[in-house]
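Working notes, beginning with the structure itself.
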Amino acid sequence: MKRIFVLVSLLAIVSLVLTACGGGTSSNHLDAIKKAGVIKVGTSADYPPFESVDANGNKVGFDIDLMTEIAKRLNVKLEWVDMPFDSLIAAVQEGKIDAAISSFNYSPERDKTIDFSDAYYTSEDAFTVADGLTGNITKPEDVAAYKVGVQTGTTQDSWLTDNLVKTGKLPEANLFHYDRVDQAMMDLKNGRVDVIMSDYIPAQALATQIGGLKIVYHGVLSSGPLNIVIPNGDKELQQAINDIIKQLKSEGFIDKLAVKYFAQ
Amino acid sequence: MLVNFVSYIVQGTAITLAVTLIALPFGLVFGLTLALLHTYGGKVLNRLAALYSLFMRGVPPIVLLFILYFILSGRLLNLSAFWAGSLSLGIVSSAYQMEILRGALLAVGGGQMTAARAVGMSRLQSIRYIILPQALRIAIPPWSNEASIVLKDSSLVYALGVPEILRRAQQLSATTQQPFLAYGTAALIYFLLVFATNRALDYLSARTQLPTHP
Amino acid sequence: MPDPILEARSLTKIYGQNVIFKDINIKVTEGETIVIIGPSGTGKSTLLRCMNLLTGVDGGQVFLDGKEITAKGYNEDEVRQHIGMVFQNFLLFNHLTALGNVMIGLTKVKKMPREQAKEKAMEELKRVGLADRADHYPGQLSGGQQQRVAIARALAMDPRVMLFDEPTSALDPELIGEVLGVMEKLARDHMTMLVVTHEMGFAREVADRIIFMEKGSIVEEGAPDDLFDHPQHNRTREFLWKITELYGKKEKEKAGKS
């Protein structure tokens, strides 16, 4: 009896602490950011050309330049917080960071716990194979006959799971998960998997860099538009960022960025 | 450019060391307290300490790291990712250090406590002057092992966004497409750190060895 | 008869269902050496541990200088520094030198200044003939030497009474003599002693009184010559016969070896 009592009270304390620590964001988040003069933005800087580090450890890439401009127009300083992709949404939820930009795609599942800005760019998916692959991939469903690699937790991961694995077309054992796309591409080159599904832009960059790889299909499947992640229900920040994105699009800023980073 | 990259990874060493040097002593103080409570604290405290150890060692460190991170770094305490990560690692390590020290306390044996009490020492005095000096000596070799585990586990804080060695290696591997160079550098640094730690503790163990032959 | 220094009154110890000993009455008066003999497993060691409160009692009382130390709330730690104890397996503090072993009670319990404690500890080591081993660790000493350091450690506290729990039974035969020698000297110097031992020669020569214990109670007690030569009880006779047989064999072996 005693032991049960101790356990119950321990659980009560833990849940109390958790509630005290969690909780939603305050309604005037944007004011708080402006008052502090700093916006903390999370990114996973291991995904060139969207976000990566250069030889001096500085963050570079499409998303980096874009966010820098957004912060400038919000009239606040930008503080980068680098963390693995998987940790970003949780960090926004918990208020560790004010927003996250890391080539996020909208998905209804993600939308339940956080909010998205308007799209700042529309990306496509690609299937990449090694040069010597026999067989034909003309439409997306064709990859079900091969060993497919994908980055964990991405929209491509969900797409493959929902459309090929759950329908029984692709055996679960033939879906290989990677922490990062470049690792997946290296494995593709080494012949451990046959096809990689990823974002189209980085696929092009990686195929060129690594060599011996080619893209056999691209189009909008899983992902499409890229959005900035902001805390759930944070209307003010969402509105402010959306306004700036609109300006940047009309000024041609984003097209220029795309040429800078994605032109072959 | 490659030189720059390698030096970028090496800079992460300072962070890895800092995380380890916070986590290890914190885990030692916490683990020692738990070991003493477990061994000398009576039934209830004994059970509580055992339960703590069982839970902490039964859950993967990365899972605990996330839970503790969101507690330590919540609105109540609001520690930085670096401190929250380091202390979380220390908390995880405390359970393992508790087990090491518990074993060492057992190895010293009840006789030493009896003899100390017979001289007129209180329990606390006996533990402080008789039991601990012997138990800590016994604990050095297994503790050395735990020290290298914490050193290597310190790479887990990368998940919280602390840019230590592994996280930097990941970034550089992505940028340069030379995973072997990036991870090889990281591996070499970890190996050197672990090697140096173990050698230092071996030396300490030898220095504190009690003489047995005339 | 003078007031006893240490006294047990109808002392009883029970472990679960087992009665270890029951209704034991012992009085140790100043300068007296009492030896308790009896078969193994009759609760002699437990009795000693109860008398300095290392083990709790389940009935009866223990008095030190007329004060009941088994009374509730009595400061046990304070009591023990006045009752020296020597264990069967020495139990020296392994991380301390011989000198350190003797000193630590003085510095930590009696809060004596280091220099004074060191001087006193050296004196005690001299008393047991080990001044030249002061900086040796227990691991560097023979069993006999370790036991003599343990005696010095207990003596250093200036106890009112010394308890010896089979001090020679863990020793190789050739090392027993040096420990018994130290104990004999103590007895001659009128140290008050309560000794549990199987060394019948020592018991007969040194003891003022012998207590024969069996199955948790005192069967018989008396002066050594009376008890050894004219035991009143059959059980005492049987025990003495067995033990002298064994003792005689040991003596013969020793003679054969040399």
Side-chain angles (χ1 to χ4, degrees), chain B residues 28 32 35-36 39-44 46 100-144 201-214, chain C residues 45 48-49 51-55 75-97 100-111 132-133 135-142 145-146 149-150 152-159 162-165 170:
Chain B
L28 177 61
L32 181 59
L36 290 173
T39 312
Y40 302 112
K43 244 186 194 167
V44 176
N46 170 297
I100 289 170
L101 292 161
R102 201 167 68 82
L105 290 173
L106 276 179
V108 171
Q112 293 286 314
M113 175 63 98
T114 308
R117 300 304 299 279
V119 178
M121 290 193 194
S122 66
R123 269 165 86 81
L124 226 55
Q125 281 182 316
S126 309
I127 291 169
R128 177 163 167 211
Y129 298 119
I130 305 301
I131 308 290
L132 276 186
Q134 298 183 54
L136 292 179
R137 278 185 172 85
I138 296 172
I140 294 174
W143 195 82
S144 164
L201 286 167
D202 281 353
Y203 177 74
L204 182 68
S205 180
R207 278 294 301 272
T208 54
Q209 189 89 49
L210 293 169
T212 47
H213 295 293
Chain C
S45 292
L48 284 197
R49 278 164 186 254
M51 294 193 64
N52 74 345
L53 308 182
L54 279 178
T55 301
N75 185 348
E76 294 179 12
D77 301 329
E78 213 275 329
V79 168
R80 286 195 203 96
Q81 48 175 303
H82 303 301
I83 307 177
M85 181 138 190
V86 175
F87 301 91
Q88 183 178 346
N89 45 353
F90 332 134
L91 297 182
L92 287 186
F93 305 133
N94 294 315
H95 63 303
L96 298 174
T97 59
N101 265 277
V102 184
M103 271 177 73
I104 195 155
L106 297 172
T107 52
K108 302 304 178 196
V109 178
K110 293 208 161 180
K111 312 282 182 203
D132 58 331
R133 293 285 187 273
D135 56 354
H136 284 51
Y137 283 87
Q140 298 170 297
L141 297 172
S142 74
Q145 290 170 332
Q146 288 191 53
V149 173
R153 175 174 72 182
L155 286 174
M157 301 300 285
D158 290 327
M162 289 276 286
L163 309 180
F164 290 86
D165 182 9

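It should be emphasised that the depicted structure is a prediction, and the values quoted were computed from it without experimental measurement. Letters A, B, ... mirror the listed sequences (proteins, then strands); counts begin at 1. Below, each value reflects all heavy atoms present in this structure, side chains not excepted, and no hydrogens, waters or symmetry copies.
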Legend entry - C/L141, part contacting chain B, at a heavy-atom distance under 4.5 Å: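 Answer is neither: C/L141 stays 4.5 Å or more from chain B.
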Legend entry - Proximal component of C/R49, with respect to chain B [non-hydrogen, under 4.5 Å]: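 Side chain only.
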Measure across [X] and [Y] and return the closest heavy-atom pair with its distance rounded to 0.1 Å.
X      : Y      : result
C/K108 : B/Q125 : O-NE2, 2.9 Å
B/A115 : C/F93  : CB-CE2, 3.8 Å
C/R80  : B/G120 : CB-CA, 4.0 Å

Legend entry - Note, B/Y129 side chain near C/T107 side chain (heavy atom, < 4.5 Å):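 Side chain of B/Y129 against side chain of C/T107, heavy atoms only: no contact under 4.5 Å found.
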Inset, instruction - Determine whether B/T114 and C/M85 make a side-chain contact, defined as any pair of heavy atoms from C-beta on separated by less than 4.5 Å. - result: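 Heavy-atom side-chain distance check fails, nothing below 4.5 Å.
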Legend entry - Among the listed options C/L92, C/N89, C/N52, C/V79, the residue most often paired with chain B at heavy-atom distances under 4.5 Å: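 Max contact count across the listed options: C/L92.
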Inset, instruction - Can you establish whether the number of heavy atoms outside B/L124 located under 6.0 Å from its atom CG is more than 12? - result: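 Atom CG in B/L124 is not crowded, with 12 or fewer foreign heavy atoms closer than 6.0 Å.
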Legend entry - B/K43 atom NZ, over 12 foreign heavy atoms within 6.0 Å: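 It does not: B/K43 NZ has 12 such atoms or fewer within range.
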How long is the gap from [atom1] on [X] to [atom2] on [Y], to the nearest 0.5 Å?
X      : Y      : atom1 : atom2 : answer
C/N94  : B/I130 : CG    : CD1   : 10.0 Å
C/D77  : B/M121 : CG    : CE    : 10.5 Å
B/Q134 : C/L96  : CD    : CG    : 7.5 Å
C/H95  : B/I138 : NE2   : CD1   : 11.0 Å

Inset, instruction - Anything in residues 201-211 of chain B with a heavy-atom distance to chain C below 4.5 Å? Please list those residues in order. - result: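 Listed by number, the contacting residues are B/L210, B/P211.
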Legend entry - Portion of B/R128 that has a non-hydrogen atom of chain C nearer than 4.5 angstrom: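 Neither part.
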